[in-house]
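In what follows, residues are counted from 1 in the order of the sequence shown. Both ligands and their constituent atoms are indexed starting at 1 by order of listing.
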Amino acid sequence: MSDVTFIILGMSGDLAKKKLIPALYQLINKGMLGAFAIIGTGHEPHTVQEILERAKPYIAAVDEAVFARLVENTHYQKLDCSTPTDFATLAHYVEQLEQQCRLPGNRLVYCATASHFYSPITQGLAQSGLIDKMSSRGQPWQRIVYEKPFGHDLASAQATNTVIARYFDEQQVYRVDHYLTKEMIGNIALVRFTNCVFEPLWNNRYIENVQIIVSEKIGIENRGAYYDAYGALKDIVQNHVLEMLALIGMEAPEKLTGEHIRAQRAKVLEKVRVVDALLGQYQGYQQEKMVAPTSRTETFAAAYLAIDNERWAGVPFFIKTGKYLDKKETVIHIKFKQVNCLLTQNCPSDSNYLTIQVAPDSSFFLSLNAKKPGEAHQVVPVKMEFCHSCLFTNGIPEAYEVIVQEVMRGEHAIAVRFDEIESSWKVIEAIKALPLTLYAYEQGSTGPDQMNDFCTKHGFRWRS
Ligand code: BG6
(Lines give C-alpha, C1' and ligand atoms only; values in the text may rest on other atoms or scores of the structure.)
Protein backbone atom coordinates (compact mmCIF):
# COMPACT_ATOMS: atom_id res chain seq x y z
CA MET A 1 0.00 0.00 0.00
CA SER A 2 1.79 3.18 -1.08
CA ASP A 3 1.20 6.70 0.23
CA VAL A 4 0.02 8.79 -2.67
CA THR A 5 -1.09 12.17 -3.95
CA PHE A 6 -4.03 11.97 -6.36
CA ILE A 7 -4.37 14.84 -8.78
CA ILE A 8 -7.68 14.79 -10.61
CA LEU A 9 -7.86 17.15 -13.56
CA GLY A 10 -11.54 17.75 -14.35
CA MET A 11 -12.73 17.32 -10.75
CA SER A 12 -15.98 19.22 -11.40
CA GLY A 13 -16.91 17.02 -14.37
CA ASP A 14 -19.24 14.07 -14.72
CA LEU A 15 -16.61 11.36 -14.60
CA ALA A 16 -15.14 12.58 -11.32
CA LYS A 17 -18.59 13.04 -9.79
CA LYS A 18 -20.07 9.69 -10.81
CA LYS A 19 -17.07 7.40 -10.88
CA LEU A 20 -13.73 8.68 -9.55
CA ILE A 21 -14.81 10.24 -6.26
CA PRO A 22 -17.05 7.23 -5.44
CA ALA A 23 -14.13 4.91 -6.28
CA LEU A 24 -11.73 6.81 -3.99
CA TYR A 25 -14.37 6.79 -1.24
CA GLN A 26 -14.68 2.98 -1.54
CA LEU A 27 -10.90 2.52 -1.41
CA ILE A 28 -10.76 4.59 1.79
CA ASN A 29 -13.71 2.65 3.18
CA LYS A 30 -12.06 -0.70 2.44
CA GLY A 31 -8.80 0.46 4.03
CA MET A 32 -6.93 0.19 0.74
CA LEU A 33 -5.18 3.54 0.87
CA GLY A 34 -2.31 4.55 3.11
CA ALA A 35 -1.68 8.23 3.68
CA PHE A 36 -3.12 10.25 0.81
CA ALA A 37 -4.21 13.66 -0.46
CA ILE A 38 -6.59 14.38 -3.31
CA ILE A 39 -6.15 17.58 -5.27
CA GLY A 40 -8.90 18.25 -7.73
CA THR A 41 -8.75 20.92 -10.40
CA GLY A 42 -11.28 22.51 -12.73
CA HIS A 43 -11.65 25.68 -14.76
CA GLU A 44 -14.32 27.14 -12.43
CA PRO A 45 -13.81 28.08 -8.76
CA HIS A 46 -15.50 25.56 -6.43
CA THR A 47 -15.33 24.54 -2.81
CA VAL A 48 -14.34 21.01 -1.87
CA GLN A 49 -17.58 20.59 0.05
CA GLU A 50 -19.62 21.55 -3.00
CA ILE A 51 -17.81 19.07 -5.28
CA LEU A 52 -17.96 16.17 -2.85
CA GLU A 53 -21.61 16.74 -1.94
CA ARG A 54 -22.48 16.52 -5.63
CA ALA A 55 -20.72 13.17 -5.83
CA LYS A 56 -22.34 11.82 -2.65
CA PRO A 57 -25.53 10.45 -4.31
CA TYR A 58 -23.29 8.25 -6.49
CA ILE A 59 -21.60 6.62 -3.48
CA ALA A 60 -23.23 3.40 -2.33
CA ALA A 61 -24.05 3.26 1.41
CA VAL A 62 -22.25 6.37 2.67
CA ASP A 63 -20.62 6.11 6.09
CA GLU A 64 -20.36 9.70 7.37
CA ALA A 65 -17.07 9.07 9.16
CA VAL A 66 -15.46 7.80 5.95
CA PHE A 67 -16.96 10.68 3.98
CA ALA A 68 -15.51 13.11 6.53
CA ARG A 69 -12.07 11.57 5.96
CA LEU A 70 -12.53 12.08 2.23
CA VAL A 71 -13.48 15.74 2.77
CA GLU A 72 -10.56 16.30 5.14
CA ASN A 73 -8.02 15.03 2.62
CA THR A 74 -9.43 16.68 -0.49
CA HIS A 75 -8.34 20.05 -1.88
CA TYR A 76 -9.40 22.05 -4.89
CA GLN A 77 -7.49 24.40 -7.21
CA LYS A 78 -8.81 26.35 -10.14
CA LEU A 79 -6.78 25.48 -13.23
CA ASP A 80 -7.03 26.34 -16.90
CA CYS A 81 -5.42 23.51 -18.88
CA SER A 82 -4.08 25.85 -21.54
CA THR A 83 -2.34 28.22 -19.09
CA PRO A 84 1.21 27.02 -18.24
CA THR A 85 1.46 29.30 -15.17
CA ASP A 86 -1.58 27.53 -13.69
CA PHE A 87 0.42 24.30 -13.74
CA ALA A 88 3.35 26.02 -12.04
CA THR A 89 0.97 27.24 -9.30
CA LEU A 90 -0.48 23.75 -8.96
CA ALA A 91 3.00 22.20 -8.74
CA HIS A 92 3.91 24.59 -5.94
CA TYR A 93 0.67 23.81 -4.10
CA VAL A 94 1.18 20.05 -4.45
CA GLU A 95 4.77 20.23 -3.16
CA GLN A 96 3.73 22.22 -0.13
CA LEU A 97 0.87 19.90 0.65
CA GLU A 98 3.10 16.83 0.30
CA GLN A 99 5.56 18.35 2.75
CA GLN A 100 2.82 19.24 5.22
CA CYS A 101 1.21 15.79 5.01
CA ARG A 102 4.58 14.00 4.85
CA LEU A 103 3.68 12.35 1.57
CA PRO A 104 6.61 10.84 -0.37
CA GLY A 105 5.76 12.37 -3.77
CA ASN A 106 4.13 9.31 -5.41
CA ARG A 107 1.70 10.98 -7.77
CA LEU A 108 -1.24 9.63 -9.72
CA VAL A 109 -2.61 12.21 -12.13
CA TYR A 110 -6.00 11.34 -13.61
CA CYS A 111 -7.05 13.25 -16.74
CA ALA A 112 -10.82 13.25 -16.44
CA THR A 113 -11.15 15.96 -19.08
CA ALA A 114 -12.03 15.98 -22.76
CA SER A 115 -9.19 14.47 -24.76
CA HIS A 116 -8.40 17.65 -26.72
CA PHE A 117 -6.86 18.93 -23.45
CA TYR A 118 -4.45 15.99 -23.19
CA SER A 119 -1.62 17.68 -25.11
CA PRO A 120 -1.57 20.96 -23.11
CA ILE A 121 -2.07 18.96 -19.90
CA THR A 122 0.88 16.70 -20.73
CA GLN A 123 3.04 19.69 -21.49
CA GLY A 124 1.88 21.54 -18.37
CA LEU A 125 2.52 18.54 -16.09
CA ALA A 126 5.97 17.96 -17.53
CA GLN A 127 7.16 21.55 -17.68
CA SER A 128 5.95 22.40 -14.17
CA GLY A 129 7.73 19.32 -12.81
CA LEU A 130 4.50 17.82 -11.50
CA ILE A 131 5.30 14.64 -13.39
CA ASP A 132 8.92 13.81 -13.80
CA LYS A 133 9.93 11.47 -16.61
CA MET A 134 12.72 9.99 -14.51
CA SER A 135 10.24 8.89 -11.87
CA SER A 136 9.17 6.01 -14.12
CA ARG A 137 12.41 4.28 -13.19
CA GLY A 138 12.41 4.70 -9.45
CA GLN A 139 10.87 6.10 -6.31
CA PRO A 140 8.79 8.09 -5.88
CA TRP A 141 6.64 6.94 -8.79
CA GLN A 142 4.63 9.39 -10.87
CA ARG A 143 1.97 8.10 -13.29
CA ILE A 144 -0.61 9.65 -15.52
CA VAL A 145 -3.96 8.21 -16.58
CA TYR A 146 -5.72 9.29 -19.80
CA GLU A 147 -9.42 8.46 -19.93
CA LYS A 148 -11.09 7.16 -23.11
CA PRO A 149 -11.81 8.15 -25.82
CA PHE A 150 -8.18 8.91 -26.56
CA GLY A 151 -8.47 11.47 -29.38
CA HIS A 152 -11.51 12.10 -31.52
CA ASP A 153 -10.10 10.44 -34.61
CA LEU A 154 -6.91 8.73 -35.75
CA ALA A 155 -4.99 11.94 -36.53
CA SER A 156 -5.79 13.64 -33.21
CA ALA A 157 -4.94 10.47 -31.26
CA GLN A 158 -1.58 10.28 -33.05
CA ALA A 159 -0.84 13.95 -32.44
CA THR A 160 -1.63 13.61 -28.72
CA ASN A 161 0.45 10.49 -28.44
CA THR A 162 3.44 12.22 -30.01
CA VAL A 163 3.29 14.90 -27.30
CA ILE A 164 2.99 12.25 -24.57
CA ALA A 165 5.95 10.29 -25.95
CA ARG A 166 8.04 13.48 -25.98
CA TYR A 167 7.51 14.16 -22.28
CA PHE A 168 6.83 10.83 -20.57
CA ASP A 169 8.14 7.33 -20.46
CA GLU A 170 5.60 4.75 -21.71
CA GLN A 171 5.91 2.99 -18.33
CA GLN A 172 4.23 5.91 -16.58
CA VAL A 173 1.38 6.27 -19.08
CA TYR A 174 -2.02 4.55 -18.69
CA ARG A 175 -4.62 4.97 -21.45
CA VAL A 176 -7.59 3.44 -19.72
CA ASP A 177 -10.88 1.90 -20.72
CA HIS A 178 -12.95 1.03 -17.67
CA TYR A 179 -14.52 -1.94 -19.46
CA LEU A 180 -11.19 -3.76 -19.21
CA THR A 181 -11.46 -3.66 -15.42
CA LYS A 182 -14.97 -5.06 -15.26
CA GLU A 183 -14.95 -8.45 -13.60
CA MET A 184 -16.53 -10.43 -16.43
CA ILE A 185 -14.36 -8.82 -19.06
CA GLY A 186 -11.24 -9.61 -17.04
CA ASN A 187 -12.64 -13.12 -16.88
CA ILE A 188 -12.80 -13.67 -20.65
CA ALA A 189 -9.13 -14.48 -21.21
CA LEU A 190 -8.96 -16.47 -17.98
CA VAL A 191 -11.93 -18.64 -18.81
CA ARG A 192 -10.82 -19.10 -22.42
CA PHE A 193 -7.27 -20.11 -21.61
CA THR A 194 -7.50 -21.95 -18.29
CA ASN A 195 -10.16 -24.45 -19.41
CA CYS A 196 -9.54 -26.93 -22.18
CA VAL A 197 -13.20 -27.17 -23.19
CA PHE A 198 -13.43 -23.83 -24.99
CA GLU A 199 -10.29 -23.31 -27.04
CA PRO A 200 -10.76 -26.26 -29.46
CA LEU A 201 -14.20 -24.85 -30.39
CA TRP A 202 -13.11 -21.20 -30.56
CA ASN A 203 -12.83 -20.83 -34.34
CA ASN A 204 -14.72 -20.73 -37.61
CA ARG A 205 -15.29 -24.49 -37.69
CA TYR A 206 -17.68 -24.31 -34.75
CA ILE A 207 -18.69 -20.69 -34.30
CA GLU A 208 -21.38 -19.22 -36.54
CA ASN A 209 -21.24 -15.63 -35.29
CA VAL A 210 -20.33 -13.45 -32.32
CA GLN A 211 -22.64 -10.71 -31.03
CA ILE A 212 -21.42 -7.90 -28.78
CA ILE A 213 -24.14 -5.69 -27.34
CA VAL A 214 -23.86 -2.58 -25.12
CA SER A 215 -27.41 -1.44 -24.64
CA GLU A 216 -28.22 1.51 -22.37
CA LYS A 217 -31.51 2.69 -20.93
CA ILE A 218 -30.11 6.10 -20.10
CA GLY A 219 -29.81 8.94 -22.59
CA ILE A 220 -26.93 11.40 -22.83
CA GLU A 221 -27.75 12.89 -19.41
CA ASN A 222 -25.97 16.25 -18.98
CA ARG A 223 -23.24 15.49 -21.48
CA GLY A 224 -24.74 17.07 -24.61
CA ALA A 225 -21.66 19.05 -25.62
CA TYR A 226 -19.34 16.05 -25.33
CA TYR A 227 -21.75 13.52 -26.79
CA ASP A 228 -22.75 15.58 -29.79
CA ALA A 229 -19.10 15.84 -30.81
CA TYR A 230 -18.51 12.10 -30.38
CA GLY A 231 -21.63 9.93 -30.78
CA ALA A 232 -22.06 6.21 -30.16
CA LEU A 233 -19.24 5.10 -32.46
CA LYS A 234 -16.56 7.16 -30.71
CA ASP A 235 -18.04 6.99 -27.21
CA ILE A 236 -18.58 3.23 -27.00
CA VAL A 237 -17.57 1.29 -30.13
CA GLN A 238 -14.03 2.70 -30.54
CA ASN A 239 -13.12 1.60 -27.05
CA HIS A 240 -15.44 -0.66 -25.01
CA VAL A 241 -16.88 -2.72 -27.87
CA LEU A 242 -13.64 -3.18 -29.79
CA GLU A 243 -11.73 -4.13 -26.64
CA MET A 244 -14.32 -6.84 -25.94
CA LEU A 245 -14.03 -7.99 -29.55
CA ALA A 246 -10.25 -8.13 -29.18
CA LEU A 247 -10.48 -10.32 -26.08
CA ILE A 248 -12.85 -12.74 -27.82
CA GLY A 249 -10.89 -12.72 -31.07
CA MET A 250 -7.27 -12.78 -29.90
CA GLU A 251 -4.88 -15.71 -30.17
CA ALA A 252 -3.53 -17.35 -27.02
CA PRO A 253 -1.00 -15.06 -25.31
CA GLU A 254 2.34 -16.55 -24.35
CA LYS A 255 1.37 -15.99 -20.69
CA LEU A 256 -1.78 -14.58 -19.14
CA THR A 257 -0.08 -11.36 -18.14
CA GLY A 258 -0.80 -7.76 -19.06
CA GLU A 259 1.85 -7.23 -21.72
CA HIS A 260 1.22 -10.53 -23.52
CA ILE A 261 -2.55 -9.99 -23.52
CA ARG A 262 -2.15 -6.44 -24.82
CA ALA A 263 0.09 -7.68 -27.62
CA GLN A 264 -2.51 -10.22 -28.75
CA ARG A 265 -5.36 -7.72 -28.51
CA ALA A 266 -3.38 -5.33 -30.69
CA LYS A 267 -2.71 -8.04 -33.31
CA VAL A 268 -6.35 -8.96 -33.74
CA LEU A 269 -7.58 -5.36 -33.83
CA GLU A 270 -5.30 -4.79 -36.81
CA LYS A 271 -7.21 -7.43 -38.72
CA VAL A 272 -10.71 -6.04 -38.20
CA ARG A 273 -12.57 -5.14 -41.39
CA VAL A 274 -15.87 -3.30 -41.66
CA VAL A 275 -18.50 -5.03 -43.78
CA ASP A 276 -21.63 -3.00 -43.09
CA ALA A 277 -23.19 -0.72 -40.47
CA LEU A 278 -26.42 0.91 -39.43
CA LEU A 279 -26.77 4.16 -37.49
CA GLY A 280 -29.69 5.68 -35.60
CA GLN A 281 -30.63 8.70 -33.53
CA TYR A 282 -33.31 8.68 -30.85
CA GLN A 283 -36.29 10.95 -31.33
CA GLY A 284 -35.88 14.11 -29.31
CA TYR A 285 -32.07 14.02 -29.37
CA GLN A 286 -31.82 17.32 -31.28
CA GLN A 287 -33.76 19.03 -28.50
CA GLU A 288 -31.30 17.92 -25.79
CA LYS A 289 -29.31 20.62 -23.97
CA MET A 290 -26.01 21.54 -25.72
CA VAL A 291 -26.89 19.49 -28.82
CA ALA A 292 -27.06 21.15 -32.25
CA PRO A 293 -30.71 21.40 -33.39
CA THR A 294 -29.76 19.86 -36.73
CA SER A 295 -27.30 17.35 -35.27
CA ARG A 296 -26.55 14.20 -37.33
CA THR A 297 -24.74 12.52 -34.43
CA GLU A 298 -25.63 8.84 -33.99
CA THR A 299 -26.92 7.63 -30.63
CA PHE A 300 -27.22 4.08 -31.94
CA ALA A 301 -24.71 2.10 -33.96
CA ALA A 302 -24.63 -1.45 -35.20
CA ALA A 303 -22.04 -3.02 -37.45
CA TYR A 304 -21.02 -6.23 -39.14
CA LEU A 305 -17.26 -6.64 -38.63
CA ALA A 306 -14.99 -9.36 -39.92
CA ILE A 307 -11.59 -10.49 -38.66
CA ASP A 308 -9.28 -11.29 -41.52
CA ASN A 309 -7.28 -14.21 -40.21
CA GLU A 310 -7.39 -17.98 -40.36
CA ARG A 311 -9.28 -18.48 -37.10
CA TRP A 312 -12.15 -16.15 -37.95
CA ALA A 313 -12.49 -16.25 -41.74
CA GLY A 314 -16.21 -16.26 -42.51
CA VAL A 315 -17.39 -15.53 -38.93
CA PRO A 316 -19.34 -12.28 -38.62
CA PHE A 317 -18.89 -10.20 -35.48
CA PHE A 318 -22.13 -8.25 -35.06
CA ILE A 319 -21.94 -5.35 -32.65
CA LYS A 320 -24.54 -2.88 -31.45
CA THR A 321 -24.87 -0.11 -28.91
CA GLY A 322 -27.32 2.67 -28.21
CA LYS A 323 -28.71 5.20 -25.76
CA TYR A 324 -32.35 5.23 -24.62
CA LEU A 325 -32.94 1.62 -25.57
CA ASP A 326 -35.36 -0.79 -23.90
CA LYS A 327 -32.84 -2.19 -21.42
CA LYS A 328 -29.44 -1.86 -19.77
CA GLU A 329 -27.39 -4.81 -20.86
CA THR A 330 -23.80 -5.49 -21.77
CA VAL A 331 -23.47 -8.95 -23.18
CA ILE A 332 -21.47 -11.11 -25.58
CA HIS A 333 -23.16 -14.06 -27.29
CA ILE A 334 -21.05 -16.64 -29.07
CA LYS A 335 -23.34 -18.59 -31.35
CA PHE A 336 -22.16 -22.06 -32.26
CA LYS A 337 -23.12 -23.79 -35.49
CA GLN A 338 -26.15 -26.01 -35.57
CA VAL A 339 -25.49 -29.78 -35.56
CA ASN A 340 -27.06 -32.08 -38.14
CA CYS A 341 -30.33 -33.08 -36.57
CA LEU A 342 -30.52 -36.82 -35.91
CA LEU A 343 -34.00 -36.66 -34.43
CA THR A 344 -36.76 -37.83 -36.72
CA GLN A 345 -38.99 -34.97 -35.62
CA ASN A 346 -38.93 -31.82 -33.44
CA CYS A 347 -35.38 -30.81 -34.27
CA PRO A 348 -34.01 -28.04 -32.00
CA SER A 349 -34.89 -24.63 -33.34
CA ASP A 350 -31.60 -23.05 -32.29
CA SER A 351 -27.99 -23.95 -31.70
CA ASN A 352 -25.77 -23.52 -28.63
CA TYR A 353 -24.69 -20.16 -27.31
CA LEU A 354 -22.03 -19.22 -24.84
CA THR A 355 -23.19 -15.99 -23.25
CA ILE A 356 -20.93 -13.70 -21.26
CA GLN A 357 -23.14 -11.33 -19.34
CA VAL A 358 -21.23 -8.27 -18.12
CA ALA A 359 -24.17 -6.19 -16.88
CA PRO A 360 -26.57 -5.95 -15.17
CA ASP A 361 -25.45 -9.29 -13.59
CA SER A 362 -22.08 -10.90 -14.09
CA SER A 363 -22.46 -14.45 -15.35
CA PHE A 364 -21.52 -16.99 -17.99
CA PHE A 365 -24.00 -19.41 -19.39
CA LEU A 366 -24.08 -22.08 -22.01
CA SER A 367 -27.39 -22.70 -23.77
CA LEU A 368 -27.84 -26.36 -24.64
CA ASN A 369 -30.60 -28.57 -25.97
CA ALA A 370 -31.80 -31.23 -23.51
CA LYS A 371 -34.51 -33.83 -23.33
CA LYS A 372 -37.98 -32.65 -22.47
CA PRO A 373 -39.18 -34.66 -19.46
CA GLY A 374 -41.71 -37.33 -20.41
CA GLU A 375 -41.06 -36.92 -24.14
CA ALA A 376 -38.78 -39.45 -25.75
CA HIS A 377 -37.81 -37.41 -28.79
CA GLN A 378 -38.29 -33.80 -27.90
CA VAL A 379 -35.67 -31.29 -26.83
CA VAL A 380 -35.96 -28.01 -24.93
CA PRO A 381 -33.36 -25.26 -24.55
CA VAL A 382 -31.70 -25.31 -21.11
CA LYS A 383 -28.92 -23.24 -19.52
CA MET A 384 -25.77 -24.23 -17.67
CA GLU A 385 -25.09 -21.15 -15.66
CA PHE A 386 -22.23 -19.75 -13.65
CA CYS A 387 -23.43 -16.64 -11.84
CA HIS A 388 -20.34 -14.70 -10.82
CA SER A 389 -22.22 -11.99 -8.91
CA CYS A 390 -24.27 -14.61 -6.95
CA LEU A 391 -21.21 -16.63 -5.98
CA PHE A 392 -18.96 -13.75 -4.99
CA THR A 393 -21.60 -11.59 -3.34
CA ASN A 394 -19.56 -8.88 -1.70
CA GLY A 395 -16.24 -9.15 -3.39
CA ILE A 396 -16.76 -7.43 -6.76
CA PRO A 397 -15.10 -4.00 -6.88
CA GLU A 398 -16.31 -1.26 -9.19
CA ALA A 399 -14.31 -0.77 -12.41
CA TYR A 400 -12.81 2.60 -11.38
CA GLU A 401 -11.64 1.24 -8.00
CA VAL A 402 -9.70 -1.38 -9.94
CA ILE A 403 -8.20 1.25 -12.28
CA VAL A 404 -6.90 3.33 -9.35
CA GLN A 405 -5.53 0.28 -7.53
CA GLU A 406 -3.83 -1.19 -10.59
CA VAL A 407 -2.21 2.11 -11.57
CA MET A 408 -0.93 2.44 -8.00
CA ARG A 409 0.56 -1.04 -8.36
CA GLY A 410 2.08 -0.16 -11.73
CA GLU A 411 0.10 -2.86 -13.55
CA HIS A 412 -0.46 -2.15 -17.24
CA ALA A 413 -2.90 -4.96 -18.09
CA ILE A 414 -5.83 -2.62 -17.48
CA ALA A 415 -4.49 -0.06 -19.92
CA VAL A 416 -4.70 0.06 -23.68
CA ARG A 417 -1.58 0.18 -25.84
CA PHE A 418 -1.41 2.94 -28.41
CA ASP A 419 -1.38 0.56 -31.39
CA GLU A 420 -4.73 -0.85 -30.16
CA ILE A 421 -6.09 2.70 -30.16
CA GLU A 422 -4.80 3.36 -33.66
CA SER A 423 -6.43 0.22 -35.06
CA SER A 424 -9.71 1.05 -33.30
CA TRP A 425 -9.79 4.52 -34.83
CA LYS A 426 -9.21 2.98 -38.25
CA VAL A 427 -12.31 0.81 -37.74
CA ILE A 428 -14.39 3.84 -36.75
CA GLU A 429 -13.14 5.82 -39.73
CA ALA A 430 -14.01 2.93 -42.06
CA ILE A 431 -17.57 2.88 -40.66
CA LYS A 432 -17.84 6.64 -41.02
CA ALA A 433 -16.69 6.41 -44.63
CA LEU A 434 -19.69 4.21 -45.55
CA PRO A 435 -22.63 5.98 -47.21
CA LEU A 436 -25.03 5.45 -44.30
CA THR A 437 -28.49 6.84 -43.57
CA LEU A 438 -29.20 7.99 -40.02
CA TYR A 439 -32.48 6.35 -38.95
CA ALA A 440 -34.72 7.68 -36.19
CA TYR A 441 -35.86 5.42 -33.35
CA GLU A 442 -38.26 5.76 -30.48
CA GLN A 443 -36.88 6.16 -26.96
CA GLY A 444 -37.28 2.91 -25.00
CA SER A 445 -37.31 0.78 -28.17
CA THR A 446 -34.74 -1.73 -29.43
CA GLY A 447 -33.39 0.78 -31.97
CA PRO A 448 -34.33 1.71 -35.54
CA ASP A 449 -36.93 -0.51 -37.27
CA GLN A 450 -34.51 -0.80 -40.20
CA MET A 451 -32.50 -3.20 -38.04
CA ASN A 452 -34.84 -5.97 -39.24
CA ASP A 453 -33.71 -5.45 -42.84
CA PHE A 454 -30.08 -5.37 -41.70
CA CYS A 455 -30.55 -8.76 -40.02
CA THR A 456 -32.31 -10.24 -43.04
CA LYS A 457 -29.63 -8.92 -45.36
CA HIS A 458 -26.86 -10.53 -43.28
CA GLY A 459 -28.80 -13.68 -42.35
CA PHE A 460 -28.78 -13.48 -38.56
CA ARG A 461 -30.96 -12.70 -35.55
CA TRP A 462 -29.87 -10.80 -32.44
CA ARG A 463 -29.98 -13.10 -29.43
CA SER A 464 -32.35 -11.53 -26.89
C1 BG6 B 1 -18.77 5.51 -20.82
C2 BG6 B 1 -19.54 6.29 -21.85
O3 BG6 B 1 -17.47 5.23 -21.27
O4 BG6 B 1 -19.44 4.27 -20.60
C5 BG6 B 1 -20.98 6.51 -21.41
O6 BG6 B 1 -18.91 7.55 -22.05
C7 BG6 B 1 -21.64 5.20 -21.05
O8 BG6 B 1 -21.72 7.16 -22.42
C9 BG6 B 1 -20.76 4.41 -20.09
O10 BG6 B 1 -22.89 5.49 -20.45
C11 BG6 B 1 -21.31 3.00 -19.88
O12 BG6 B 1 -20.53 2.39 -18.89
P13 BG6 B 1 -21.16 1.28 -17.95
O14 BG6 B 1 -20.04 0.88 -17.07
O15 BG6 B 1 -22.32 1.91 -17.25
O16 BG6 B 1 -21.62 0.18 -18.87
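A ring pair (Phe, Tyr, Trp, His ring centres under 6.0 Å) with H458 is found for one member of F454, F460, W462 and no other, namely F454.
The aromatic rings of Y25 and F67 sit tilted relative to each other, their planes meeting at an angle between 30° and 60°. A tilted orientation is assigned to the rings of F150 and Y118, their planes being inclined by 30° to 60°.
There is no side-chain donor-acceptor pair under 3.5 Å between K320 and S215. No side-chain donor from either of Q172 and Q142 sits under 3.5 Å from a side-chain acceptor of the other.
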Distances only, to 0.1 Å: what are the N or O pairs between ligand 1 and the protein that fall under 3.5 Å?
from     : atom 1 : to   : atom 2 : distance (Å)
ligand 1 : 3 (O)  : K148 : NZ     : 2.7
ligand 1 : 3 (O)  : H240 : NE2    : 2.7
ligand 1 : 4 (O)  : H240 : NE2    : 3.4
ligand 1 : 6 (O)  : K148 : NZ     : 3.1
ligand 1 : 6 (O)  : R223 : NH2    : 2.8
ligand 1 : 6 (O)  : D235 : OD1    : 2.6
ligand 1 : 6 (O)  : D235 : OD2    : 3.4
ligand 1 : 8 (O)  : R223 : NH1    : 2.9
ligand 1 : 8 (O)  : D235 : OD2    : 2.6
ligand 1 : 8 (O)  : K323 : NZ     : 2.7
ligand 1 : 10 (O) : E216 : OE1    : 3.3
ligand 1 : 10 (O) : E216 : OE2    : 2.5
ligand 1 : 10 (O) : K323 : NZ     : 3.1
ligand 1 : 12 (O) : H178 : NE2    : 3.3
ligand 1 : 14 (O) : H178 : NE2    : 2.8
ligand 1 : 14 (O) : K182 : NZ     : 2.6
ligand 1 : 15 (O) : K328 : NZ     : 3.2
ligand 1 : 16 (O) : Y179 : OH     : 2.5
ligand 1 : 16 (O) : K328 : NZ     : 2.8

Sequence neighbours left out, cut at 3.5 Å: what donor-acceptor pairs do the side chains of residues 216-229 make with other protein atoms?
from : atom 1 : to   : atom 2 : distance (Å)
E216 : OE1    : K323 : NZ     : 2.8
E221 : OE1    : K18  : NZ     : 3.1
Y226 : OH     : D235 : OD1    : 2.5
Y227 : OH     : A232 : N      : 3.2
D228 : OD1    : Y285 : OH     : 2.6
D228 : OD1    : S295 : OG     : 2.6
D228 : OD1    : T297 : OG1    : 3.0
D228 : OD2    : A292 : N      : 3.1

